[in-house]
Engineer: 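Take a look at the following structure, please.
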2 protein chains.
Amino acid sequence: MAIFLADNSPSSDPPADEAQDARRRRDPEATRQAILDAAQELFVCHGPAGTSLSAIAKKADVTKSLIHHHFGSKEELWLAVEEYRFRAYFDIQRKMLLESDSTADLLRDSITAYFRFLQSEPDSVRFLMWHMLEDEEQPCPNLEKELFELGIEKIREAQDKGEIRSDLEPFFIIKSLLALPMGWFQTRCMTQALIDSDISAERLDEMYLEDMVKHFLEGVRPRPEDDSDPMAG
Amino acid sequence: MAIFLADNSPSSDPPADEAQDARRRRDPEATRQAILDAAQELFVCHGPAGTSLSAIAKKADVTKSLIHHHFGSKEELWLAVEEYRFRAYFDIQRKMLLESDSTADLLRDSITAYFRFLQSEPDSVRFLMWHMLEDEEQPCPNLEKELFELGIEKIREAQDKGEIRSDLEPFFIIKSLLALPMGWFQTRCMTQALIDSDISAERLDEMYLEDMVKHFLEGVRPRPEDDSDPMAG
DNA sequence: GAGTAAATTGACCGACCGGTCAATAGTCTA
DNA sequence: TAGACTATTGACCGGTCGGTCAATTTACTC
């Protein structure tokens, strides 16, 4: 019930020397970034509807008017934060995808890398969820599309080589590849309560990762008797 | 960017005779339900932080004070709506799980049923997401736990019969079973934009369901050479 | 029919919301 | 150094927020 609780975190990030200096001597770029960072943190925590401009201003140690000066309105600020996050998100994903150039372990590497990414950046999970709930449009549709097409191409190659069964649409394979780690971390905080034993969260992550990869890979492995038509449907 | 747009839906549900009658002659139970229904709809659409009590009162055709009278505070109303939704959600799931008593098609039936359920009730998808973002605690932890234990038991049976490979933790199998349909419908509105062809949303659902089930089931199928130790980890 | 408890109303509260605006204070250029 | 530009401030706006309260209306009980 996060939104019903007052934000009891200290009013602002540790006012590091750089930040203080940046405010003493004018530095609009640093100010912009400070606002963006503060907004990001609060938006991730409480969502756009649950975050007030006053709270952002307080955390960024600027006046509310300054937010309007640099970003226009609350909506534009939210969009700016989204763009900022999504660009980083897609960049990382593209990098991960391009790294694994061996088609043999393509899916194992991809799903593992995605799992590790979400594990190390739980904010991304929450951000994606806020986005799915609050926005109908993709902030960077071109980036996502490009990424999917790249992934589809790679999977097609692996299918042609016979390393992945050919009766599954590459697009759907990617969708499942993304859904499994995402689903795990979306419900991670509630998962612990479902387990009787006192396994640590980290250990649980490792156990799930292992089974998930095993299950996922086995499902896409070409079976001996499977020489039927590729491209079904 | 739903939260930034005014709610331009008609102010209230069609004031059916029953509703009007219920308000003319006093009927506290009907009033409570009207508030609950209106709150449910608005919460699903805009989330708890994005929904005002005034909006709920308007939609339910009651005064704001009446909400406080029946539910206390906004938070208590949100919790009441959650409890209401979750109880229905778990009831349906338990029913689905108990129905398929043949262990042979247990997983096929379960994942298909869950997919169909989310497909027919997109509100549930959004509600679950709001819940995951806003609340840390489960509203009905006992119900969920009971459900998981039931599922785990059934999977264990199937594993003992050799119908499901034994080197996967049943708990994790369920997690994946839930994550796949959920992930699909969470991003459904953006999926269309990723596809070049003009396949209808319904057709796309069917195609994904088919591949997802194929992939999921193949991944849990015991392999011929697989006679290693069950219960790994 | 009197009395009581509960449902319902509308007026009202202080706090906060997103946003505006004129004034001020640095920074850069000519 | 003068002047233009802009980052920054603080006071202020109308509106809405969640919530309270006393008064009124209805239903139930004896």
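Every chain is numbered from 1 and lettered A, B, ... according to where its sequence line falls, protein lines coming before strand lines.
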Engineer: Could you tell me the separation between the CD atom of Gln33(B) and the P atom of dA7(C), rounded to a whole number of Å?
Structural biologist: 15 Å

Engineer: Given atom CD of Glu29(A) and atom P of dG26(C), what is their separation to the nearest angstrom?
Structural biologist: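 Spelled out: CD on Glu29(A) to P on dG26(C) is 20 Å.
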
Engineer: In the 5'-to-3' direction, what one-character label does each nucleotide of nucleotides 14-19 of chain C receive under the scheme B = base within less than 4.0 Å of a protein heavy atom, S = sugar-phosphate only, - = no such atom?
Structural biologist: ---SBB

Engineer: Going by atom types only, do Thr191(B) and Lys175(A) share a side-chain donor-acceptor pair under 3.5 Å?
Structural biologist: yes

Engineer: So, the side chain of Ser73(B) versus the backbone of Glu76(B): is there a donor-acceptor pair under 3.5 Å, distance only?
Structural biologist: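 A pair under 3.5 Å: yes.
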
Engineer: Please determine whether a side-chain nitrogen or oxygen atom of His69(A) lies at a distance below 4.0 Å from atom OP1 or OP2 of dA7(D).
Structural biologist: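 Answer is yes, contact under 4.0 Å.
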
Engineer: Quick one, Arg116(B) with Glu206(B), criterion salt bridge (Lys or Arg N to Asp or Glu O under 4.0 Å). Give me CA distance, side-chain angles, the key distance, then yes/no.
Structural biologist: CA-CA 10 Å; Arg116(B) 292 293 180 207; Glu206(B) 298 308 310; 2.9 Å; yes

Engineer: Taking only residues two or more places apart in sequence or in another chain, which ones pass side-chain contact (heavy atoms from CB on, under 4.5 Å) with Ala113(A)?
Structural biologist: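 Testing Ala113(A) for side-chain contact (heavy atoms from CB on, under 4.5 Å), a comparison that skips the adjacent residues, returns Met96(A).
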
Engineer: Specify the separation, in whole Å, of atom CG of Leu66(B) and atom P of dA11(C).
Structural biologist: 16 Å

Engineer: Lys64(A): what forms a salt bridge (Lys or Arg N to Asp or Glu O under 4.0 Å) with it, not counting sequence neighbours?
Structural biologist: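 If we apply the salt bridge (Lys or Arg N to Asp or Glu O under 4.0 Å) test to Lys64(A), skipping adjacent residues, there are no hits.
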
Engineer: Assess whether one donor atom and one acceptor atom, taken from the side chain of Arg26(A) and the base of dT8(D), lie less than 3.5 Å apart.
Structural biologist: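 Donor-acceptor pair under 3.5 Å: no.
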
Engineer: What is the distance, to the nearest angstrom, from the CG atom on Asp27(A) to the C1' atom on dT6(D)?
Structural biologist: 14 Å

Engineer: Take atom CZ of Phe71(B) and atom P of dT8(C), then tell me their distance rounded to the nearest Å.
Structural biologist: 12 Å

Engineer: Please report, rounded to the nearest Å, how far the P atom of dC17(D) is from the NE2 atom of His46(A).
Structural biologist: 20 Å

Engineer: Compute the centroid of each ring, for Tyr89(A) and then for Phe117(A), and state whether the two points are separated by less than 6.0 Å.
Structural biologist: yes

Engineer: I need the CD1-C1' distance between Ile56(B) and dG19(D), as an integer number of Å.
Structural biologist: 14 Å

